[in-house]
Amino acid sequence: MDKRFNIGVLAALFAAFAFSLNFVVPFIIGDYSTFDFALVRHVISALVGLCILFSRKGVWQHLTLRNWLSTTWLAFIGYVGYFLTVTGSAVFAGPVIAPAFLGLVPIVLAVIGNQRQESVPWQFLMMPLMLVLIGLVLVNGAAFTVEGLSSVRSLWIGIPLALAAVVLWVSFAIANEVAMAARPEMPSAVWSALTLVGGGVLMLAFYPVGLAMDLFQLPQLGFGWDAAGSLYLWGSSLALLATVYGVWAWNVASRNLPVALTAQLIVAETAFGVIGGLIVHGRWPTAMECAGVAILIAGVVLSIRVFHKSRARSSKALSQKLSGLPRGLTAAS
C-alpha cells in the first residue's frame, strides 16, 4: 500500500509540474494565438496517442464504442472545453484574475472528493485546506489591485467563464476517476491514449469554427516551417511533456490516491507556475509571493502526511482484524 501511495504522490506532483508549463505558452509562441498553439499541441498529442494504441499488444479489446465515447467526453470537458473557458476568461477578465479564480479548483475538488469517498476525517483535512486557501490568496493577491484590473474588458463575462472552467475541471477529475475505477483491467497508458486521441479530434472539429471567429493566426502568418517553426517546436515539446506525460501521470495518481489528496497535490501547479513565471520575467518574487508559495508547499506536505497516516491506520486495523481470525479463515481471505 505504501508503494502505491508513494507512486501516486510522485505522479501527481509530476502532473502538476507538467501542467504548470502551460503558463509559459504566451511567451514562446510569438504572433501566433493560443488557439494555434492548442491546435498543434492536441493534434500532436493525438498522433502520439495513436502510436501508443498501435504499439501495445492486446489493446483492441479496450477499443470499444463505450470507451471511445467516454474518453472523448472526458477530453471535451477536461481539455477542449476547459481550454476554451480559461482562454475566454483571460480575454475578458484579464490574465491575472482568471488564474486567481482557478485556484478554487483544488479546494472544491478536495471537499467534493472527501465527501464522496470519506478518505480522512474532516478535522484532519481542515488544516491542509486552510493552508492551501491562504497560500492561493497570497499568491494571487495582486489580481484585484488597480494594476491587476487594468486589463479587464468585462467581469460580467470573464468571471462566469472562469467559474465554468472550475466546474469543468472538477467534473473532469471526478468523472475520470470514476471511469477508471470502473475499468481496473485497462492500463493507464491506454486510457490516456484514448483521451489524447479524443482531444485531438475535438480540436480539429473546432478548427473551422475558430477560423470563422478569427481565432487562428496560422492561415495569415503561414503554416511553413520558416514562419511557424517555433510554434511547431514548442507545441511538440509541450504536447509530449505537459499533455502526454502529464495526462498519464494524472491517471496514475487517480488510480493510486483518493480524489481529496490528488486535488491538494495538484495545487503544486500554482507554485510551479509562479516559479516559472518569475524565471520568464527575470525577476525575484515579492514577499507576498514567497509567503504564498511557502504556505502552499506546507499545505501539500501536510496533506501527504495526513493521508499517509490515515492509510497506515487503516492498514494496521485490517492487519489486527485478520490476525484475530482463525488461521484457515485468514488464509482464505
Side-chain angles (χ1 to χ4, degrees), residues 4 7-8 10-12 14-16 18-19 22 38-86 105 109 112-113 116-117 164-165 167-207 209 236 238-263 265-266:
R4 289 189 60 190
I7 290 174
L10 291 175
F14 178 81
F19 295 154
N22 293 317
L39 177 67
V40 172
R41 172 179 168 177
H42 283 292
V43 169
I44 292 174
S45 299
L47 293 175
V48 173
L50 287 174
C51 290
I52 294 173
L53 292 177
F54 283 108
S55 65
R56 294 181 69 95
K57 295 181 179 180
V59 73
W60 298 105
Q61 61 181 320
H62 302 298
L63 303 185
T64 64
L65 178 60
R66 181 183 178 187
N67 286 341
W68 278 113
L69 292 176
S70 296
T71 50
T72 301
W73 170 247
L74 287 170
F76 172 73
I77 61 175
Y79 303 148
V80 179
Y82 175 75
F83 165 75
L84 293 176
T85 51
V86 167
V105 169
L109 191 54
I112 294 177
R116 292 177 62 250
Q117 298 177 337
V167 171
L168 286 174
W169 179 249
V170 170
S171 301
F172 165 77
I174 294 175
N176 188 58
E177 188 270 337
V178 170
M180 293 185 67
R183 299 167 174 83
E185 77 289 348
M186 178 177 288
S188 297
V190 174
W191 185 255
S192 302
L194 289 172
T195 309
L196 293 173
V197 174
V201 171
L202 289 172
M203 202 65 206
L204 285 173
F206 175 75
Y207 182 66
V209 179
S236 301
L238 287 186
L240 292 173
L241 185 57
T243 304
V244 176
Y245 290 112
V247 170
W248 169 78
W250 177 260
N251 286 336
V252 170
S254 297
R255 282 195 184 277
N256 292 282
L257 299 175
V259 175
L261 178 56
T262 53
L265 292 178
I266 203 65

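Reckoned from all heavy atoms, side chains included, excluding hydrogens, waters and symmetry mates.
Using a 4.5 Å cut-off on side-chain heavy atoms (C-beta onward), Arg255 and Met180 make contact. In this structure the side chain of Trp68 reaches within 4.5 angstrom of the side chain of Val197, judged on heavy atoms. At a threshold of 4.5 Å between non-hydrogen side-chain atoms, the residues Ser192 and Val244 do not count as touching. Using a 4.5 Å cut-off on side-chain heavy atoms (C-beta onward), Leu39 and Phe206 make no contact. With a 4.5 Å cut-off on side-chain heavy atoms, Glu177 and Pro258 do not count as touching.
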Derivation and outcome, ring-ring contact (aromatic ring centres under 6.0 Å, His included), residues Trp60 and Phe54: CA-CA 9 Å; Trp60 298 105; Phe54 283 108; 5.7 Å; yes
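Here Asn251 contributes atom CG and Thr195 contributes atom OG1; the two are 6.0 Å apart, rounded to the nearest 0.5 Å. Distance check: Arg4 CZ to Leu257 CG gives 8.5 Å after rounding to the nearest 0.5 Å.
Results of the side-chain contact (heavy atoms from CB on, under 4.5 Å) test with Leu196 over Val247, Leu53, Ile44 single out Val247 as the only residue that passes.
Residues satisfying the ring pair (Phe, Tyr, Trp, His ring centres under 6.0 Å) test with Trp191, not counting sequence neighbours, are none. Residues passing the side chain to side chain donor-acceptor pair (under 3.5 Å) test with Thr72, sequence neighbours excluded: none. For Arg183, the side chain to side chain donor-acceptor pair (under 3.5 Å) partners two or more places apart in sequence, or in a different chain, are Asn67, Ser70. The ring pair (Phe, Tyr, Trp, His ring centres under 6.0 Å) test applied to Phe76 returns Trp73, not counting sequence neighbours. Applying the ring pair (Phe, Tyr, Trp, His ring centres under 6.0 Å) rule to Tyr82 yields the partners Trp169; only residues at least two apart in sequence or on another chain are considered.
Here the closest non-hydrogen pair linking Asn176 and Ser254 is ND2-OG, 4.2 Å. Nearest heavy atom pair, residue Phe14 against residue Ala249, reads CD2-CB, 3.7 Å. Listed here is the closest heavy atom pair of Ala75 and Gly198: CB-C, 3.8 Å. Nearest heavy-atom pair, Ile77 versus Ser171, reported as atom, atom and distance to 0.1 Å: CD1-C, 4.1 Å. Closest of all the heavy-atom pairs between Leu74 and Ala179 is CD1-CB, 4.5 Å. Between Gly8 and Ala253, the shortest heavy-atom distance links the atoms O-CB, 3.6 Å.
Ring planes of Phe172 and Tyr79: tilted class, angle from 30 to 60°.
The side-chain hydrogen bond (donor to acceptor under 3.5 Å, both in side chains) contacts involving residues 41-54 comprise Asn22-Arg41, Arg41-Thr243, where partners must be two or more places apart or lie in separate chains.
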